[in-house]
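To start, the structure under review is shown below, and the notes come after it.
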2 protein chains.
Amino acid sequence: MLGMQKAFMEVDNNKLQPAEMDGLKVVSFGFFAEQAHQAAIYRGPIISGILKQFLVDTNWSNLDYLIVDLPPGTGDIPLTLAQTIPITGILVVTTPQDVASNVATKAIGMFNKLNVPIIGVIENMSYFICPKCSDKHYIFGEGGAKRISEQFSIPFLGEIPLNSGIMEGSDKGKPIILSHPTSPSAEAIRVSAKNVAAQCSILAAKLKEEMQGTAAQ
Amino acid sequence: MLGMQKAFMEVDNNKLQPAEMDGLKVVSFGFFAEQAHQAAIYRGPIISGILKQFLVDTNWSNLDYLIVDLPPGTGDIPLTLAQTIPITGILVVTTPQDVASNVATKAIGMFNKLNVPIIGVIENMSYFICPKCSDKHYIFGEGGAKRISEQFSIPFLGEIPLNSGIMEGSDKGKPIILSHPTSPSAEAIRVSAKNVAAQCSILAAKLKEEMQGTAAQ
């Protein structure tokens with residue numbers, strides 16, 4: 001989605017060097033697979049090992065945010081993540097329909113069990129506005145993320161429309177927020193991002209307090 | 001998607017009894033999680049064990065098809081599957097955009113490596129027809145599945161439109177092919193299913209020959 005298919009992972013002083021674009025430092029399991037020109041076939045324990053390397057053995061230097069994009073649902077990777085580093089919070093992203101929000105619900109249950117805070121929920125593919133007649137269509141149904149927000153008392157942080165511009169931007173590696181910064185889709189993403197950042201500040205302050213408390217004991 | 005949220009898995013003579021609906025016998029990891037009213041947090045090796053139980057320790061009796069719905073991409077479950085039972089073939093389902101078809105491509109690479117035949121590729125969410133003005137929109141781009149079909153020389157078996165009727169049917173547990181059997185969406189699914197069945201017959205005959213060949217050696 002960032003157009004980094006050809007990025008390489010260099011190693012310097014025994015640390016992985018992340019690829020960089022527009023101020024984002026990126027490591028991805030996909031880079032290895034690209035380098036080897038083959039599909040990555042690994043079982044969970046090996047993937048967990050690689051995830052730990054990405055977290056611990058990478059030359060991140062100072063970051064504002066460290067964002068980990070997880071596969072849907074529950075599994076080895078979120079478990080390993082929660083057991084390896086302190087997590088500010090989990091951002092839940094879902095589409096509106098029940099079969100998707102049910103998967104999100106299970107993931108929230110898992111992180112609750114692991115005592116990882118939830119930042120909030122964002123709804124993706126919320127609605128489609130017909131470019132010809134401007135009619136608004138809730139193709140995937142309505143209100144899935146709002147129901148999750150109420151059910152778990154977690155903040156509802158935004159909705160992203162279904163829009164071919166967003167898809168094209170992702171395929172070309174040019175996010176719509178850079179290519180069309182004043183479009184309604186870019187604005188929806190910007191509003192959501194601001195909401196997420198505000199919640200993160202609150203949770204990060206809490207986490208810092210807890211860690212200082214633990215250190216003092 | 002089959003409205004079986006409340007289905008239970010009974011055990012009889014040490015065999016799991018599948019739940020049943022409209023002639024479909026179903027086992028699902030979700031049933032256990034529902035019974036326990038909790039999120040399923042298990043690592044890959046445990047999930048692989050459960051998958052083996054579903055395949056081997058379930059009272060399937062005679063089936064026309066045994067269909068396993070896999071998570072996207074590569075991982076423990078498809079690996080375990082390929083190493084546990086002989087597989088007639090893999091049906092690849094993708095949406096049109098590159099970021100999705102890239103994941104499908106990796107899965108095809110994995111199954112090629114494991115010598116599992118590919119039945120073909122179906123494109124989901126191919127296009128959206130505006131219910132108000134009838135304009136056709138390729139929201140996720142065009143031709144992702146056809147590109148995969150050409151790249152790997154595997155059959156292109158159909159395209160399913162993006163349609164709120166399909167979504168609603170899935171959420172309510174009433175597939176559109178039963179609730180609106182003459183709708184264009186149901187017709188698209190029926191055509192795809194027939195193409196899949198035809199390919200399966202060919203591959204199943206091949207598999208039978210191979211297994212008899214192996215048994216004779």
Side-chain angles (χ1 to χ4, degrees), chain A residues 1 5 30 33 37-48 71-80 82 95-102 105-114 125 128 130-141 144 162-164 166-168 170-173, chain B residues 1 5 30 33 37-48 71-80 82 95-102 105-114 125 128 130-141 144 162-164 166-168 170-173:
Chain A
M1 287 189 170
Q5 286 94 336
H37 294 290
Q38 58 186 20
I41 315 183
Y42 294 121
R43 290 198 176 269
I46 294 175
I47 295 180
S48 291
T74 60
D76 285 67
I77 296 180
L79 253 187
T80 299
T95 49
Q97 78 269 38
D98 291 350
V99 293
S101 59
N102 288 347
T105 299
K106 280 176 192 163
I108 294 172
M110 179 179 97
F111 286 110
N112 279 343
K113 250 190 214 173
L114 297 168
M125 305 191 190
F128 174 72
C130 178
K132 197 177 173 195
C133 71
S134 299
D135 216 35
K136 192 174 185 176
H137 299 283
Y138 293 92
I139 302 179
F140 292 101
L162 184 59
N163 177 295
S164 57
I166 298 178
M167 308 301 147
E168 276 166 32
S170 297
D171 276 359
K172 289 184 188 154
Chain B
M1 286 189 171
Q5 287 92 342
H37 293 290
Q38 59 185 19
I41 316 184
Y42 294 120
R43 288 198 177 268
I46 294 175
I47 295 181
S48 290
T74 59
D76 285 67
I77 296 179
L79 253 188
T80 298
T95 49
Q97 77 269 38
D98 291 348
V99 291
S101 59
N102 287 346
T105 298
K106 280 177 191 163
I108 294 172
M110 180 177 96
F111 286 110
N112 278 344
K113 249 190 218 174
L114 296 167
M125 307 191 187
F128 174 73
C130 178
K132 199 177 172 198
C133 71
S134 299
D135 215 36
K136 192 173 185 178
H137 299 283
Y138 294 93
I139 302 179
F140 292 101
L162 185 60
N163 176 294
S164 57
I166 299 179
M167 308 300 149
E168 277 167 30
S170 298
D171 275 359
K172 288 182 186 155

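Side chains included, hydrogens not; waters and symmetry mates left out as well; all remaining heavy atoms used. Quantities reported herein were computed from a predicted structural model and do not represent experimental measurements.
Considering only heavy-atom pairs separated by less than 4.5 Å from chain B, the leading option among A/Cys133, A/Pro78, A/Ser170 is A/Cys133.
Contacts between B/Asn163 and chain A at a heavy-atom distance below 4.5 Å involve the backbone alone (N, CA, C, O). For a residue to count as touching a neighbouring chain, one of its non-hydrogen atoms must lie under 4.5 Å from one of that chain's; by this rule A/Pro96 does not touch chain B.
With values rounded to the nearest 0.5 angstrom, B/Leu162 atom CG is found 9.0 Å from A/Met125 atom CE. Atoms OG and CD, on B/Ser164 and A/Gln97 in that order, are 11.5 Å from each other to the nearest 0.5 Å. Of the inter-residue distances, the one linking B/Ile166 atom CD1 with A/Ile139 atom CD1 reads 11.0 Å to the nearest 0.5 angstrom.
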